[in-house]
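The structure under discussion appears below in the form of C-alpha cells.
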Protein chains: 2
Amino acid sequence: MSKSSVVELQVVDEAVAPCCPPLTERPLTAEESERTAKMFKALGDPVRLRLFSLVASHEGGEACVCDISDVGVSQPTVSHHLKKLKEAGLLASERRGTWVYYRVEPSVLAAMGKLLAAPASA
Amino acid sequence: MSKSSVVELQVVDEAVAPCCPPLTERPLTAEESERTAKMFKALGDPVRLRLFSLVASHEGGEACVCDISDVGVSQPTVSHHLKKLKEAGLLASERRGTWVYYRVEPSVLAAMGKLLAAPASA
DNA sequence: CAGCGATATCGACAAACGTCGAATCAGAAG
DNA sequence: CTTCTGATTCGACGTTTGTCGATATCGCTG
C-alpha cells in the first residue's frame, strides 16, 4: 500500500532467534528442534541451496533475482524458493526500482555454523 | 570404491565426500547442491534433528536406540528416521548383541560446519 | 527349540512439497 | 495512459514425506 515504508529488509524474525547450543553439547528440546529444523529444511532442497549459495557468494553480499534465476527451473519456481528461504529467516529481500535484491541474513549463518561446530577432536 | 579400510560402522560413503567450499565463497554447482542438500534435508525434520542431537551429545559419542526413542513418535518411526540419517551419511550404526548403537559421522559434521562458516563478517 | 525383548521392514494413507503455466502486481519508459 | 519488463501470486498436478499398526528379523535366555 504505502509507496515506500521504513522497512526495506523484512524477514521472519521469529526464525532469526539465537537458538541453539552446539549439537554435540546437549540434546535439543522439542521446541528448539522444531525451530531449527525449519532452517535446515530450507537448505534441504538442491535448487534452494544453490540459490542461497549464489546470493551468499555474490559480490556485496546481495544479488538481484535476475542474476541468480538460471538454476534450471522456471522463474516462478525461483521466486517460490526465494520466498521459502526468506520465510526461514535465511534471506532478506529489498526492492530497488525495477529489481528485487536478496541478501543473506548474516547472524543466521553464524548460528547454524555454531550449531554444527565439532568439539575440535574426538 | 569406499576409501575406508577398517569399516565396522557402515555408512553410505557416497555422501561422506569432502564436498563443499564455504557457501559464502563461491556458488555451488548443481551437482554439489544435489549432494549437499541431502544432508540438510536429513536435518530438516524436527524429530530427526532431535534424534541427531541426542546421538551427538550422548556420552561416548554414541547412543543405543533404546536411549533415544522417547521423542514423541512411534518406535517404527524412530527407526525410519534413524535410517534416513544413516542414508544421508550423518550417522553410522552398529549392532552389539541385543541393542543397536548409532554414532555421528564426525567428518560430516565438520564439513557442514565449514560449509556454513561465515567469513568473520568483516 | 520356544519365548521374549529390541529393531527393522512393510503397506497404507493424509499432508506437504516442487514444479509449471497463466494471471497479476510493481516500476520505468514512451 | 499505455506499454514493457521484472517479479510475485494463483491454481493445479504428480511426487515425496512422515506417520502409524502389523509383521518380520535378530539375539539372548531358559
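Computation of the quantities below employed the complete heavy-atom set of this structure, encompassing side-chain atoms and omitting hydrogens, waters and symmetry-equivalent molecules. Predicted model only: the values in this text are computed from it and were never measured. Throughout, a chain's letter reflects where its sequence line sits, starting with A, and its residues are numbered from 1.
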Next on the checklist: Walk me through whether B/L51 and B/V71 qualify under side-chain contact (heavy atoms from CB on, under 4.5 Å).
Outcome noted: CA-CA 8 Å; B/L51 286 172; B/V71 289; 4.0 Å; yes
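- Residues meeting the salt bridge (Lys or Arg N to Asp or Glu O under 4.0 Å) test with A/E32, sequence neighbours left out: none.
- At whole-Å resolution of the value, NE2 in B/H81 and P in D/dC20 are 8 Å apart.
- Here B/E31 pairs with B/T29, B/R35 under the side-chain contact (heavy atoms from CB on, under 4.5 Å) rule; sequence neighbours left out.
- Non-hydrogen atoms lying under 4.0 Å from DNA chain D are contributed by nothing in residues 40-52 of chain A.
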Give the table of side-chain donor-acceptor pairs shorter than 3.5 Å for residues 77-84 of chain A, with sequence neighbours excluded, one pair per line with atom names and distance.
unit_1 : atom_1 : unit_2 : atom_2 : d
A/T77  : OG1    : A/S74  : OG     : 3.0
A/H81  : ND1    : A/R48  : NH1    : 3.2

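- Residue A/E94 contributes atom CD, which lies 17 Å from atom C1' of D/dT8 at whole-angstrom precision.
- In this structure, B/Y102 and B/K86 have side chains that are in contact, with non-hydrogen atoms separated by less than 4.5 Å.
- Spacing between atom CD of A/E87 and atom C1' of C/dA16 amounts to 14 Å, rounded to whole angstrom units.
- At a threshold of 4.5 Å between non-hydrogen side-chain atoms, the residues A/S57 and B/T24 do not count as touching.
- Counting heavy atoms from C-beta outward, A/F40 and A/L116 have side chains that approach closer than 4.5 Å.
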Item to check | Where protein sits on nucleotides 4-15 of chain C, one letter per nucleotide: B base, S sugar-phosphate only, - none, heavy atoms under 4.0 Å | outcome: --SBBB------
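- Within the structure, the salt bridge (charged side-chain N to carboxylate O under 4.0 Å, His left out) test picks out the following pairs touching residues 60-69 of chain A (sequence neighbours left out): A/E62-A/R96, A/E62-A/R103.
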